[in-house]
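Here is how names work: the chains are called A, B, and so on, in the same order as the sequence lines, proteins then strands, and each is numbered from 1.
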Amino acid sequence: MNITPQDIRGLDLFHRGTEALSEVEATGIRIDVGYLDTARKELKAQIKEDDKELYSSKEWLLWRRRFGQNANIDSNPQLGVIAYNELGLEVKKRTEKGAASTDEEAFEGIDNPFISKLIRRKKRIKALTTYLDNIRREVSPDGFLHPVFNLNTVITYRSSSEKPNFQNMPIRDPEMGKLIRRAFIPRPNCVLLENDFKGLEVCVSACYNKDPVLISYIKDPTKDMHRDMGGQLYMLKKKEVSKKTRYGAKNKFVFPEFYGSFWAQCAPALWEWIDLGKLMVEGTDIPLKVHLANHGITELGDCSIDDENGIASPQPGTFAHHVMQVEKDFWNNRFRVYARWKKEWFAEYLRKGYFDTYTGFRLEGVFARNEAVNYPIQGSGFHCLLWTLIHTIRAKRKAKMSSLVVGQIHDSMLSDIPVDELDDFSAMVNELVSIELPKVWDWIIVPMQIETEICPPECTWYDKKEVHYADGVFSLDGKQFPSSALLKLLQQKVKSSE
DNA sequence: TATCAGCGCGCC
DNA sequence: AAAGGGCGCGCTGATA
């Protein structure tokens, strides 16, 4: 892989970035080692209980009969044989290589106590081995974790993290997120502060493709791309799009389409989401499936993607056919400038054999279409965060502040802040992102915004709460607060939710 | 015993 | 014509 910066801008960014990230590594993040050890002990006990149940089940008897001495509850290939050959479950998903998949999704909707217990055990093992045990092993004698941040490993010129990977700590599953993130705590008299770029990759993509519709979605706060797509996909008026409906449109259509997916993959996910998300027509008690039936749509339709037969042609009147039409409108009409950019960008890459990013990097090699159009966006997005991190460290040092940047996750930055520096630090980061960054990089043609999440005093990384910050003032639920009052309020919020 | 591909799963 | 981008890490099972 060629990871040489294309010009002095890239070289300079990574030079200063390496310095800054090594400072972050050396700083480290404080760990509640007492909690960590208790949690590990409890988790081990729970796994032991899981084992007891699983090993006394009739399915395990089958398993032993089939594999004898080699029987291994951790073996996915063996699980495949048991689930599909012995128990006769239907194969709903296959792996890349064509094997019957045994991932969680493959067993979705199957009401089998053995499989459910097995999945629960796998989650606990994951939490223990990948997270708690690794954190415990890497934590220094004085109670700090020092994850490594690399700038030399990723094809897009993003960063990676290891020992342990700080960039994949659980959060989406609240139970698992709590279990792991409770171990991350602030230094004495400090709070953890997380600053995330708002819609970073969408913003950067707009800078590359210059699509006027996408730009206006970003700039105009009254517009909402995901709500609009939710409306179109599920045949709803704006007001009828619920939060969950919007979520489905965003994560099962808009982002996948931006990354290069297409209707035959999106439609089944959107269709399943109706039931999984228990979607309703907002403001009514009408289930979305009923609403769609009123519009003549009662089934998903054919979405098969077959090596021999190619892509299905779903019948008019099916959901898949509808999603196909929405996709056509999405790329041929709504975001046609974005579509044209993708086409031209890839064609130019094919002519030259490489492409250059706005941030001073050349990517040279054999890339598929989706790779060639996604890499510059992913890389340049991260470079906005890296620039911010470098300058945050520089500015706080100059101001002789004690605040410390302790970690970074692609589009976000985690800091450990003395409570009396919260205002100054927030002002600094906001100014860097919204004013200085677009000044330094004139390719940034949309506003850049940073969002703020605070873990109140005496609380952990799990307890982070989103707050609003503008013009030097924090606000929560539309009401403004001085930072000291805000912290107290957030602290109460955490306590009452426990 | 070491290494690798494949799979699964956590994150952006 | 192609058809979801990028990581790190644990584990199995095959192979050297």
Side-chain angles (χ1 to χ4, degrees), chain A residues 1 67 70-80 93-107 118-119 122-123 125-135 137-138 147-151 153-173 176-177 179-181 196-197 199-202 204-205 251-267 269 303-307 310-312 324 327 331 342-343 346 350 363 367-379 381-382 385 407-412:
Chain A
M1 179 173 60
F67 290 99
N70 294 328
N72 182 346
I73 196 106
D74 293 321
S75 167
N76 285 321
Q78 288 183 16
L79 171 58
K93 193 183 166 194
R94 295 203 166 267
T95 68
E96 184 73 27
K97 301 284 168 191
S101 170
T102 56
D103 69 11
E104 199 182 346
E105 198 195 327
F107 296 125
L118 202 58
I119 288 171
K122 279 172 188 284
K123 282 197 191 301
I125 296 257
K126 174 84 174 167
L128 183 67
T129 59
T130 301
Y131 298 105
L132 297 182
D133 280 352
N134 276 357
I135 293 168
R137 191 181 59 239
E138 297 292 340
V148 174
F149 293 99
N150 303 300
L151 287 179
T153 60
V154 182
I155 195 161
T156 62
Y157 297 91
R158 238 197 197 180
S159 66
S160 70
S161 169
E162 58 180 338
K163 296 170 193 168
N165 183 351
F166 182 70
Q167 297 176 322
N168 71 348
M169 295 298 163
I171 189 166
R172 292 176 201 162
D173 176 339
M176 193 151 162
L179 185 65
I180 311 298
R181 291 193 179 218
D196 301 56
F197 274 85
L200 180 57
E201 288 202 4
V202 173
V204 171
S205 122
N251 293 302
K252 293 163 198 306
F253 185 81
V254 177
F255 283 157
E257 288 281 346
F258 280 174
Y259 287 137
S261 186
F262 78 124
W263 65 266
Q265 281 154 325
C266 297
C303 293
S304 54
I305 306 165
D306 201 294
D307 286 344
I311 309 299
M324 208 164 89
E327 180 186 68
W331 288 119
K342 280 193 183 195
K343 210 174 159 185
F346 186 54
L350 288 179
L363 281 84
F367 305 131
R369 184 178 180 273
N370 283 341
E371 293 169 334
V373 298
N374 284 326
Y375 286 0
I377 296 164
Q378 187 185 106
F382 167 66
L385 183 276
Q408 164 268 122
I409 313 178
H410 309 303
D411 69 347
S412 80

**Student:** More than 12 heavy atoms of other residues, nucleotides or ligands under 6.0 Å from NZ of A:Lys93: is that the case?
**Tutor:** yes

**Student:** Starting from the 5' end of DNA chain C, give me the residue, A:Gln167 or A:Ile311, whose nearest nucleotide shows up first.
**Tutor:** A:Ile311

**Student:** For a quick test of reading the model: is some side-chain N or O of A:Thr95 closer than 4.0 Å to OP1 or OP2 of B:dC7?
**Tutor:** yes

**Student:** Quickly work out the A:Arg94 CZ to B:dG6 C1' distance and round it to whole Å.
**Tutor:** 16 Å

**Student:** Rounded to whole angstrom units, what separation is found between the CD atom of A:Gln78 and the C1' atom of C:dC11?
**Tutor:** 12 Å

**Student:** Does A:Lys126 put a side-chain nitrogen or oxygen below 4.0 Å from OP1 or OP2 of B:dG10?
**Tutor:** no

**Student:** Considering only side-chain heavy atoms of A:Thr130, which listed nucleotide, C:dG10, C:dT12, B:dG8, is closest?
**Tutor:** C:dG10

**Student:** Can you check whether any acceptor in the base of C:dG5 is under 3.5 Å from a donor in the side chain of A:Gln378, or vice versa?
**Tutor:** yes

**Student:** Nearest to the side chain of A:Ser75, which nucleotide is it out of B:dC9, B:dC12, C:dG13?
**Tutor:** C:dG13

**Student:** Heavy atoms from C-beta onward define the side chain here; which of B:dG10, C:dG6, C:dG5 lies closest to that of A:Thr156?
**Tutor:** C:dG6

**Student:** It should be established whether A:Lys123 places a side-chain nitrogen or oxygen under 4.0 Å from OP1 or OP2 of nucleotide B:dG10.
**Tutor:** yes

**Student:** Spell out yes or no: do the side chain of A:Arg172 and the base of B:dC11 have one donor N/O and one acceptor N/O closer than 3.5 Å?
**Tutor:** no

**Student:** As a test of reading the structure: which of C:dC9, B:dG6, B:dC9 is closest to the side chain of A:Asn134, going by heavy atoms?
**Tutor:** C:dC9

**Student:** Rounding to an integer number of Å, can you tell me how far A:Arg158 CZ sits from C:dG5 C1'?
**Tutor:** 8 Å

**Student:** Without swapping roles, check the side chain of A:Arg181 against the backbone of A:Met169 for a donor-acceptor pair under 3.5 Å.
**Tutor:** yes

**Student:** Please report the C-alpha distance between A:Thr153 and A:Glu162 in whole Å, then the side-chain angles of each, then the deciding distance to 0.1 Å, and finally whether the side chain to side chain donor-acceptor pair (under 3.5 Å) criterion is met.
**Tutor:** CA-CA 11 Å; A:Thr153 60; A:Glu162 58 180 338; over 6 Å; no

**Student:** Checking contacts here: which listed nucleotide (B:dC11, B:dC7, C:dG10) is nearest the side-chain heavy atoms of A:Arg137?
**Tutor:** C:dG10

**Student:** In whole Å, I'd like the distance from the CH2 atom of A:Trp263 to the P atom of C:dA1.
**Tutor:** 17 Å

**Student:** From the list B:dG6, C:dG13, C:dG8, which nucleotide is the closest neighbour of the side chain of A:Pro77?
**Tutor:** C:dG13

**Student:** So that I can tick it off, tell me whether A:Glu201 and A:Arg158 are bridged by a salt bridge, with the cut-off set at under 4.0 angstrom between side-chain N and carboxylate O.
**Tutor:** yes

**Student:** Base, sugar-phosphate or nothing for A:Asn168? Non-hydrogen atoms, less than 4.0 Å.
**Tutor:** base

**Student:** Measure the distance from CZ on A:Arg369 to C1' on C:dA1 and round it to the nearest whole Å.
**Tutor:** 9 Å

**Student:** Which part of the nucleic acid, if any, lies within reach of A:Glu201 when heavy atoms closer than 4.0 Å are counted: base, sugar-phosphate only, or nothing?
**Tutor:** nothing

**Student:** For the residue pair A:Lys342 and A:Arg369, establish whether any side-chain heavy-atom pair is separated by less than 4.5 Å.
**Tutor:** yes

**Student:** Has the side chain of A:Glu138 got a donor or acceptor atom that lies under 3.5 Å from a matching backbone atom of A:Pro164?
**Tutor:** no

**Student:** Nearest-Å distance, CG (A:Asp74) to P (B:dC7)?
**Tutor:** 18 Å

**Student:** Taking only side-chain N and O atoms of A:Ser101, does any of them lie within less than 4.0 angstrom of OP1 or OP2 on B:dG8?
**Tutor:** yes

**Student:** By nearest atom, which of the nucleotides B:dC12, B:dC11, C:dC7 is closest to the A:Pro170 side chain?
**Tutor:** B:dC11

**Student:** I want to check one thing: is the phosphate of C:dG10, taken as OP1 and OP2, less than 4.0 Å away from some side-chain N or O of A:Thr129?
**Tutor:** no

**Student:** Separation of A:Ile73 atom CD1 from B:dG8 atom C1', in whole Å?
**Tutor:** 16 Å

**Student:** Nearest whole angstrom, please: distance from the C1' of B:dC12 to the CZ of A:Arg181.
**Tutor:** 11 Å

**Student:** With a 3.5 Å cut-off and just heavy-atom distances, do the side chain of A:Asn165 and the base of C:dG8 make a donor-acceptor pair?
**Tutor:** no

